[in-house]
There are 2 protein chains.
Amino acid sequence: MANKKRTTLKDIANELNISPAAVSKAMHDDSRISDKTKKEVERVAKELNYQPNHLASALRKGKSHLVGVIVPRTNSNFFSSVIEQMEAVLDKAGYNIIITQSNESFKKECKNIDTLLYTQVDGIIASMANETVDLSHYEKIKSNGIPLILFDRGENDLNVDYVGINDYDSSQIIVAHLVEKGCKRIAHIGGYRRTRIFNNRIKGYVDALEKHNLPIDDSLIIESSLTLEDGRNEMLKLLKLKDRPDAVYVASDYAALGALQILNEENINVPNDIRLVGFGNEPFTSLVNPSITSVAQHSKDIGRLAAERFLNLVSQDDLKQSLNKIILDAELIIRDSSK
Amino acid sequence: MANKKRTTLKDIANELNISPAAVSKAMHDDSRISDKTKKEVERVAKELNYQPNHLASALRKGKSHLVGVIVPRTNSNFFSSVIEQMEAVLDKAGYNIIITQSNESFKKECKNIDTLLYTQVDGIIASMANETVDLSHYEKIKSNGIPLILFDRGENDLNVDYVGINDYDSSQIIVAHLVEKGCKRIAHIGGYRRTRIFNNRIKGYVDALEKHNLPIDDSLIIESSLTLEDGRNEMLKLLKLKDRPDAVYVASDYAALGALQILNEENINVPNDIRLVGFGNEPFTSLVNPSITSVAQHSKDIGRLAAERFLNLVSQDDLKQSLNKIILDAELIIRDSSK
DNA sequence: TATATTTGCTTAATCGATTAAGCAAATATA
DNA sequence: TATATTTGCTTAATCGATTAAGCAAATATA
């Protein structure tokens with residue numbers, strides 16, 4: 001059973017004493033094949049448990065109908081929700097997706113791109129690893145002549161389509177919210193400036209402080225990888241400052257959670273002593289105590305829009321990509337940590 | 001730039017006035033090709049930015065060096081950690097993985113299997129969707145003659161390799177722990193019995209109650225899909241019982257979290273009024289208030305072992321699969337919710 | 001020096017599915 | 001009835017990489 005050879009078009013053709021070409025056409029419902037033959041082909045195909053060989057047809061047609069997806073990690077609600085939507089949209093158009101994760105590693109990301117190109121995907125939708133600065137591996141995708149769409153963590157320099165939220169505005173909204181609650185010393189535990197979205201969040205934060213006539217204190221602006229551990233460490237450092245902040249805006253929910261753990265451990269009341277805001281609206285933000293105010297990133301829209309951009313691009317005969325940004329407004333979800 | 005054709009072996013061959021066969025051999029470091037030719041091939045390949053066409057070589061060799069992975073969801077720490085380990089092991093052996101998610105849907109799972117078979121993967125490593133009862137789509141994998149390895153949510157009837165933890169014993173350990181803490185009415189919010197692992201957890205729970213001379217009360221045994229929402233709903237029902245439980249063992253951390261939310265909302269003290277135990281050791285169990293006692297599932301070992309089983313199976317000339325279980329001991333991580 | 005072996009390639013077939021071109025029979029049209 | 005068109009296929013080439021078989025030149029061995 002397990003050892004028998006795969007059924008090919010030729011096997012069906014031999015069974016029916018017709019040519020493989022006729023079988024292929026029958027399967028694709030060609031108008032020049034008789035209904036009788038089509039029915040017989042269908043019957044024998046089922047009988048022999050025929051499974052088309054994707055490698056062969058993809059090779060011949062020059063299209064694999066596979067889309068590669070690269071994400072930093074799959075175990076965040078944001079990315080898995082984005083992927084779910086992409087899958088839904090692409091599935092309808094006859095595309096399947098291959099998900100790879102970079103684990104935030106530059107090296108892994110390069111390897112993933114090689115794998116995807118090697119697998120002959122028809123396009124790549126990616127969100128960059130934290131470590132990524134050099135973009136030559138992404139250029140490789142472009143020079144392969146297949147569409148590249150970036151989401152969330154993108155780069156203008158690549159001159160490709162991008163779907164994401166307005167990070168700059170999000171920071172402005174967060175600071176405005178905290179100021180409204182009476183906060184005067186707002187710290188920011190952010191990502192690294194080299195990553196565009198985190199740079200934008202920092203800029204938004206700084207500009208918002210100025211707008212509200214609050215002084216900018218470099219000791220309150222921290223760059224990190226935004227892991228839970230980073231959140232703990234950086235929060236501890238902030239607490240050791242002579243002049244403690246009365247609010248902390250953290251650019252990731254995971255790091256915000258780390259910060260909250262420290263605050264709870266040190267018996268600092270949130271929100272009364274220090275207000276806390278995260279970013280990403282991960283499900284756990286509403287589950288922890290106190291629940292964490294955060295920014296919803298419209299993951300479903302991002303997934304859908306990125307997939308639609310891909311479909312739009314593959315339908316073009318002559319692929320010409322350029323910087324084409326779709327920026328969605330983010331939404332502040334206010335919870336107990338800043339009330 | 002984007003529109004130029006891919007470089008093929010033939011292009012390199014033409015450039016050097018040798019045959020494509022020689023180029024292919026040079027690339028594979030064949031001993032019958034001169035060092036001079038090898039170097040020239042390497043140079044021209046780089047010059048023309050040659051990328052081998054995986055479809056062609058896979059078609060010719062009959063091996064795609066791709067492994068399909070099917071998980072219910074990727075956004076749980078358990079599954080993404082399992083996948084990370086698989087990737088690490090398979091990568092070393094020259095295999096790449098394609099991750100698909102069933103979203104706990106039977107229909108989606110069938111579709112995923114079709115996609116993977118169609119993509120000519122060399123094997124499939126899967127964990128079943130909650131909905132799955134009919135196994136014919138999995139039989140299709142077997143009849144394709146490629147290895148199938150199940151992990152976590154498996155089925156004996158398929159007679160293939162399985163890697164998972166000892167669910168029965170885990171339940172026993174949990175009940176013993178709760179009994180030791182003085183609990184007398186232990187409820188169980190479990191999964192559906194049709195899923196083997198959940199059935200084992202229920203059996204382990206029932207047998208453990210008997211062992212400790214506690215009565216078995218059907219109103220305290222609940223089957224559900226174990227989502228967070230299910231946890232909330234079932235917990236509410238348990239609280240409405242005349243004779244409330246003094247402990248709840250939930251077969252998933254997500255549902256346990258839902259249960260905890262209700263308990264917190266109803267101002268029921270955990271662990272003093274009701275003790276709570278989850279399953280899976282998801283990171284948030286240590287983050288919520290109170291932290292949730294849970295069972296660590298050794299995701300890394302499971303991922304590694306499943307990948308190793310695959311490698312072992314593909315290396316066999318004559319694939320013969322049989323029920324071959326690797327059962328790991330789980331570990332109870334005691335936290336505040338049951339202290 | 002004559003034969004055997006090794007080296008370094010080429011030739012041609014192959015993996016399956018697809019498709020342009022073409023052909024004979026059946027049918028439609030003038 | 002003669003020609004045109006349609007129907008229902010077949011033939012042969014193709015997508016790129018790989019490999020068995022083979023051949024001529026170079027080198028080794030007797």
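Chain letters run A, B, ... following the sequence lines, proteins first and then strands; every chain starts at 1. Computed from a predicted model, the values in this text were never measured in an experiment.
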Figure out the NZ/C1' separation between B/Lys36 and C/dG8, and round it to whole Å.
11 Å
With B/Tyr162 as partner, the option from B/Arg309, B/Glu155, B/Arg196, B/Arg153 fulfilling side-chain hydrogen bond (donor to acceptor under 3.5 Å, both in side chains) is B/Arg196
Given 3.5 Å as the limit, does a donor-acceptor pair link the side chain of A/Asp11 with the main chain of A/Thr8, or not?
yes
Short side-chain N/O contact from B/Thr37 to OP1 or OP2 of C/dC9, under 4.0 Å
yes
A/Asp30 atom CG is separated from D/dT7 atom C1', nearest whole Å, by 11 Å
Rounded to whole Å, the NZ-P distance (B/Lys10 to D/dA13) equals 13 Å
Atom pair distance, as rounded to whole Å: CG in A/Asp11 and C1' in C/dG16:
10 Å
Members of residues 110-120 of chain A that approach DNA chain C, where some heavy atom sits under 4.0 Å away
none
Report the residue (B/Asn17 or A/Pro52) whose heavy-atom-nearest nucleotide on DNA chain C is the more 5′ of the two.
B/Asn17
Just by distance, do the side chain of A/Thr7 and the backbone of A/Leu48 share a donor-acceptor pair under 3.5 Å?
yes
Between C1' on C/dT7 and CD1 on B/Ile33, what's the gap in Å once rounded to a whole number?
10 Å
Given D/dT10, C/dC9, C/dG16, which nucleotide is nearest the side-chain atoms of B/Ala22?
C/dC9
What nucleic acid atoms does A/Ser34 come within less than 4.0 Å of, heavy atoms only: base, sugar-phosphate, or nothing?
sugar-phosphate
Nearest whole angstrom, please: distance from the P of C/dG8 to the NZ of B/Lys25.
13 Å
Report yes if some heavy atom in the side chain of A/Met128 is under 4.5 Å from a heavy atom in the side chain of A/Leu158; otherwise report no.
yes
Side-chain atoms of residues 115-123 of chain A: list all donor-acceptor pairs with protein atoms under 3.5 Å, sequence neighbours left out, distances to 0.1 Å.
| from | atom 1 | to | atom 2 | distance (Å) |
| --- | --- | --- | --- | --- |
| A/Thr115 | OG1 | A/Lys111 | O | 2.9 |
| A/Thr115 | OG1 | B/Asn96 | ND2 | 3.3 |
| A/Thr119 | OG1 | A/Thr115 | O | 2.5 |
| A/Gln120 | OE1 | B/His54 | N | 3.4 |
| A/Asp122 | OD1 | A/Ser64 | N | 3.0 |
| A/Asp122 | OD1 | A/Ser64 | OG | 3.3 |
| A/Asp122 | OD2 | A/Ser64 | N | 3.3 |
| A/Asp122 | OD2 | A/His65 | N | 2.7 |

Are B/Ser57 and D/dA17 close enough that a side-chain N or O sits under 4.0 Å from OP1 or OP2?
no
Test side-chain contact (heavy atoms from CB on, under 4.5 Å) on B/Asp152 and B/Phe79; report intermediate values, then the result.
CA-CA 9 Å; B/Asp152 191 43; B/Phe79 285 117; 3.8 Å; yes
Whole-Å distance between C/dG16 C1' and A/His28 NE2?
12 Å
Answer with base, sugar-phosphate or nothing: what part of the nucleic acid does B/Ile18 contact at a heavy-atom distance below 4.0 Å?
sugar-phosphate
How do B/Ala56 and B/Ala21 order along DNA chain D: which one's closest nucleotide is nearer the 5' end?
B/Ala56
Given Watson-Crick or G-U pairs with both distances under 3.5 Å, what dot-bracket string fits DNA chain C, with | for other-strand pairs and [ ] for crossing?
||||||||||||||||||||||||||||||
Got a donor-acceptor contact below 3.5 angstrom from the A/Lys38 side chain to the A/Asp30 backbone?
yes
When you check the phosphate oxygens OP1 and OP2 of C/dG16, does a side-chain N or O of A/Thr8 lie under 4.0 Å from one of them?
no
Walk me through it: do A/Arg73 and B/Glu84 pass the test salt bridge (charged side-chain N to carboxylate O under 4.0 Å, His left out)?
CA-CA 10 Å; A/Arg73 314 203 88 91; B/Glu84 206 174 321; 3.7 Å; yes
Length of the CZ-P vector between B/Arg32 and D/dA21, whole Å:
13 Å
Taking the side chain of A/Ser19 as heavy atoms from C-beta outward, which of D/dT18, D/dT10, D/dC15 is closest to it?
D/dT10
Please report the C-alpha distance between A/Val160 and A/Ile149 in whole Å, then the side-chain angles of each, then the deciding distance to 0.1 Å, and finally whether the side-chain contact (heavy atoms from CB on, under 4.5 Å) criterion is met.
CA-CA 6 Å; A/Val160 297; A/Ile149 293 99; over 6 Å; no
Checking A/Thr132 side chain against A/Phe106 main chain: does a donor-acceptor pair fall under 3.5 Å?
no
